[in-house]
Amino acid sequence: MAAFRSNIFMLAFFLCGFSVFVTGDFQEELVIKPLHSGDIYASFQFRTQWDTDFLLGISHYRLFPKSLGQVISKFSVRELHISFTQGYWRTMQWGQPFLPSPPGAELWVWFQDTVTDVDLAWKELTNVLSGIFCASLNFIDSTNTVQPSASFKPLGVGNVTDQRFLRYAVLPREIVCTENLTPWKKLLPCGSKAGLAVLMKSEKLFHSSFHSQALHIRPVCKDWQCKSTSWELRQTLNVVFDLHTSGQGKREWSLFKMFSRTLTEACPLASSSKVYVDITDNPQGELFELSPATPLVSQAVVLGDGRTYSVYDLTDHATFGQTHSLNVLLRWRAAEREMLRPLLHGERYVAGYGLQTGEIHTLVYNNHPYRAFPVLLLDTVPWYLRLYIHTLTVTSKGRDNKPSYIHYQPSKDRLQPHLLEMLIQLPPNSVTEVTVQFERALLKWTEYTPDPNHGFYVGSSVISALVPSVVAMDTNNTQERPLFSSFFPCKEESTYFMRIYTEPLLVNLPTPDFSMPYNVICLTCTVVAVGYGSLYNLLTRTFQVEEPSQGLAKRLANIIRRLRGVPLLT
Amino acid sequence: MGLLSDPNRRRALTNLLTRLNAPICVVCYLAGVMWFMGLAFEPFTLRTYMSENAMGSTMVEEHFPAGERALATGREFAAHKKKVGGMPVNWLVKTMESRGLEVFTQSFTRKLPFPDENKERYLVRGTNVYGILRAPRASRTEALVLTAPCSQGNANNQAVGLLLGLAQYFRSQVYWAKDIIFLVNEHDLIGMQAWLEGYHHTNTTGGDWSPLHGRGGSIQASLSLELSSDVITSLDLVLEGLNGQLPNLDLANLFHAFCQKIGVLCTIQGKLQRNDWESTSGYSHSAQTMMLMVLKQASGRPWGDHGLFLRYHIEAATIRGINSFRQYKTDTTTIGRLLEGMYRKLNNLLERLHQSYFFYLMPSLTRFVSIGYYMPAFGLLAVILLLRALDLWVQLGASAPGTEDGLAEREQSPSSPGVLSILTPVVISHMTGVALYCLPVMSQEMAVQHFPVSETEAVVLTAIAIYTAGLALPHNTHRLLQGEGTEHGWRVLKLVALLYLAVLLGCTALINFSLGFILALSLVPIAAFITPHTHKPLSAAIMVLLSPGCTLLYCVLIFQELQETPVSLQDGWMLFLSVISQGILDHSLYGSLVYPLLALLIYPCWLLLWNILFWK
């Protein structure tokens, strides 16, 4: 059956290849990284490249998903990055991810400089994407959209860096589940029918400690000379499986155990299809045992560190062996569960108690023993937390650390959030603490969410940095490198780009008792209006007994009598 | 309101109120006391019910199997504790790590203002160890806390064992939506205070603690576990926290629901539920339970490790295992299942516990008195003060001639010295209050040098000395300014004192009903009926007997009586002294407000009344 299906695909491939003369390329890969905590990190990357110009209006699509192509041409998108994440990446236990993402949904888009009304395009785009991904992206509006000035530079080629064409928004409350995964899988050329995507069974992917799926569209160089550009669509999916809850007592991992499937073939449309297993910490096999053994070994520089990988090439039939299936098995031998000391690490929390004020603390750790490096900190805080920006302090090692660049955009009630961007130099081996006080606003009663006592979310801070690398980075051609090590452009040999996200915050606002609105409104209004009003009246007025006033006739008579000079009537 | 705006009818009403003032006051007082005592009568109270839908109808299944292993861990913990002679930090860190938690420690130092003789500590150094179970696919925004104290001696080893057992079991479950923090705190409340202040990065009482490095977002609920025996007969629920704050009633309901489901005997104030409310003994049983709650709440101190959480709007309670001589025993596995069930329910919460009551009294675990029912009791007492104030106001108005000339005259001559004449007593009383608040702790060194007493005794005895000395202060200072004390003068002073007391008690009762009610019970009669014309020695004796200090002594004696551990007057006195020192310590360590309230506000107010008695 599988062979038959693959034949159909091959047929389709040839037909398309011959009938329409457009060049495109599809690559897929899976990286498996055993983590120190005994957990396992699986990262899928799918890359579709297409040398075309969407702005000319294209009607025929082959590898590239049509729905996205139409979005790009309709809204004149230059770069689009969207991620859906369930869970928080534990840097202290897992190290750095290949592609970071904040909990919830994150969307940032660079528009072409031909777009006149960016806000309108952004609004429509979010609604369209909301439909494509079955997500609540339509909740993105002006109250949670910002235009960062420095933190989110374009990742593709091009030189427009005017922040007017950039929009960034995070929905920390967004919950990611199968209904977001299915449309995401459908964008792949082979769907989930063949290749690595067969492993994506939602019941397993969501039985994990961390789940993140993302999609990045950007223009990239077509070749190493970079004379023309082509469009790149990268779809990534990162999962961390927990040893304790899914290990069932055995300290081993296999593809079947992780995904309840094994690999039988590559996606027929893919030019390259590989599985990498990180064996850097395991040169002699003392930490874990890997089977089946593979002769292919690849070296790559990832996140400033040289790593070694065992490679399984799925396009090679020998990989599948006698059983016609590949089930990579990894058996732990030694246990080591010390916390890591990642070079750059961030934390955030709300300090204080009570429902009136509070303080946001952001801690940024530089664990490098002797190198200082600068980081860009981006904070987006909703308007209902009124930041007292004069209380902003940045301290490192007990001393004031003046940021060399601050971009602050104050909030407007019900219109726009606070945006705070700072460039901070982190001294070596230090903790830098950024604090700012805030006041909690009292919302209008229709502005509360249906569960107001749950609290209100504040999105993650974004820390972007050029971190000193351990080994020299390869600044040359990124075409030939594995996908997972070639996403962020690399300009210098000694540093690499890294972005980390802190945890989102859950802040309680003063909340009226909605459980008995009738009582509250009626009773207080009545008491205030009737009781207080009349009592106040009584207290401020003086009372006197007055004689009953004279009749009109008598008064008239008296006026006449006064004129005449005779005694008045009483 | 037409009644009041019509001058004739208004006059008639005020006449009625002034004429019948004393009888109405007496009736109100009796009605207030009766109402309060009636609160414990079962037909008058409401049955508790679960308000939070997320914790409602669906019961979770409990599978915790490892009670015996938890006890073994507890014994191991005890052995290591004995070896180290305190908190076995390294062992705890290792054990928690092996159970798959993220483990952090926090060290703290606290110097008490004077040695605590009950717990024999002065300079406290300790370490808290906590492990965080990270919920899968959760973004560190919400957390639940389970704490067990590392106590001295052999107490609470089983609690720590069960905590570690639960940590291991919880770690292998997939359904957690909130992080769970397992905390073992040293030096009970001092460690807890350090941890909470570290977690929320506040410093209210000037402690010295190291910052925390791992957090789980905003804490939704917390339970403290106290367990000192392998098997127990019943579980006691402790609710009263700092300054008389109580957790949401749903937490108590949750505990009760699971005790019912699993079949564990549960108590509140150490008293079992009884079903014979018709009988006198049944009524007195629930009255005793409620009185115990009132006394504990009025003390304003945390009655378990949970007490400090309430300041941070975290619903918390202490669950205490009690092993008495009953036949029926419950083993650790069952307690573990109970806690598992409670945590799973708390884990299901979508919002903070807020649906049910925050202000309540409990005559038993299934019955509660809500704020709407108990406030009238206090209101009936407080209205006496207002009635007396109205009476005085009318008298003051009537004493001046009613003509228009007299009105102008009164505005010029008697009223301005009237204000001056009451100024001096008010200032002097409050200065005495400030002395009572500050001097005991400040002058302890001097006292120790000159008298053969310990620091703690010095503080307590100084406090009592200042309190007594306040009675002998010059009471007729107004004569310096005015020459002669007038009828008018004391009336103005009494009016001020009455209104002051009414405001004070009203505010206190809103925050801590029990404290407000107890103070009203003793202060309202003397405030209502004190004049300079009564029989001096008798009135003075009554005033002293009803003063705040003596009220405290009665409370101590009644509390012991209700707890079925009656003490002799001698022991009662010793207990009274230690309660004073504990009160001062609670204030400086945890920020309890009862001591400053009594010293700075209630006592000066009482001194004003004392002033009136000796008015010349």
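To find a chain, count down the sequence lines: A is the first, B the second, and so on, and within it residues start at 1.
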(message) Does any backbone or side-chain atom of B:Phe104 lie under 4.5 Å from a heavy atom of chain A? Answer side chain, backbone, both or neither.
(response) side chain
(message) Please identify, among A:Thr511, A:Asn508, A:Leu505, A:Val240, the residue contributing the most non-hydrogen atom pairs under 4.5 Å to chain B.
(response) A:Asn508
(message) Is A:Tyr501 in contact with chain B via its backbone, its side chain, both, or neither, using a 4.5 Å heavy-atom distance?
(response) neither
(message) Please determine whether the number of non-hydrogen atoms from other residues, nucleotides or ligands lying under 6.0 Å from atom CG of B:Asn90 exceeds 12.
(response) no
(message) List the residues meeting salt bridge (charged side-chain N to carboxylate O under 4.0 Å, His left out) with B:Arg215, not counting sequence neighbours, and say none if there are none.
(response) none
(request) Using a cut-off of 6.0 Å, state whether more than 12 heavy atoms not belonging to B:Trp393 lie near its atom CH2. (result) no
(request) Give the member of B:Gln173, B:Gln220, B:Arg352 that has the highest number of heavy-atom pairs under 4.5 Å with chain A. (result) B:Arg352
(request) Examine whether an atom of A:Arg90 lies under 4.5 Å from a heavy atom of chain B, and if so say whether it belongs to the side chain, the backbone or both; otherwise answer neither. (result) both
(request) Look at B:Arg171, B:Glu197, B:Glu102, B:His213 and state which one has the largest set of heavy-atom pairs under 4.5 Å with chain A. (result) B:Arg171
(message) Counting neighbours of CD1 on A:Ile175 that are heavy atoms of other residues, nucleotides or ligands and sit closer than 6.0 Å, is the number greater than 12?
(response) no
(request) Output the distance between atom CG (A:Asn453) and atom CG (B:Leu353), rounded to the nearest 0.5 Å. (result) 10.0 Å
(message) Taking atom OH as the centre, does B:Tyr373 end up with more than 12 heavy-atom neighbours from other residues, nucleotides or ligands that are less than 6.0 angstrom away?
(response) no
(message) As an exercise: rank A:Tyr457, A:Tyr349, A:Tyr88 by heavy-atom pairs under 4.5 Å with chain B and give me the winner.
(response) A:Tyr349
(message) With a 6.0 Å cut-off (strictly less than), is the heavy-atom count around CZ of B:Arg69, excluding the residue itself, greater than 12?
(response) no
(message) Only pairs of heavy atoms separated by less than 4.5 Å count here; which of A:Met92, A:His454, A:Glu347 has the most with chain B?
(response) A:His454
(request) Check each atom of B:Ser172 against the heavy atoms of chain A and say whether the ones under 4.5 Å are side chain, backbone, both or neither. (result) both
(message) Is B:Thr204 close to chain A through its backbone or its side chain, or both, or neither, when contacts mean heavy atoms under 4.5 Å?
(response) side chain
(request) Output the residues of residues 132-142 of chain B for which the shortest heavy-atom distance to chain A is under 4.5 Å, in residue-number order; output 'none' if no such residue exists. (result) B:Arg134, B:Ala135, B:Pro136, B:Arg137, B:Ala138, B:Ser139, B:Arg140, B:Thr141, B:Glu142
(message) Does B:Lys94, at its NZ atom, have more than 12 non-hydrogen atoms belonging to other residues, nucleotides or ligands within less than 6.0 Å?
(response) no
(request) Give the member of A:Pro103, A:Pro102, A:Ser208 that has the highest number of heavy-atom pairs under 4.5 Å with chain B. (result) A:Ser208
(message) Run the side chain to side chain contact (heavy atoms under 4.5 Å, CB included) test on A:Tyr353 and B:Arg311 for me, step by step, so that the C-alpha distance in whole Å, both residues' side-chain angles and the decisive distance to 0.1 Å come before the verdict.
(response) CA-CA 8 Å; A:Tyr353 59 90; B:Arg311 181 208 293 268; 3.4 Å; yes
(message) Looking at every non-hydrogen atom in both residues, tell me the closest pair between A:Gly352 and B:Thr202 and how far apart they are.
(response) CA-CG2, 3.4 Å
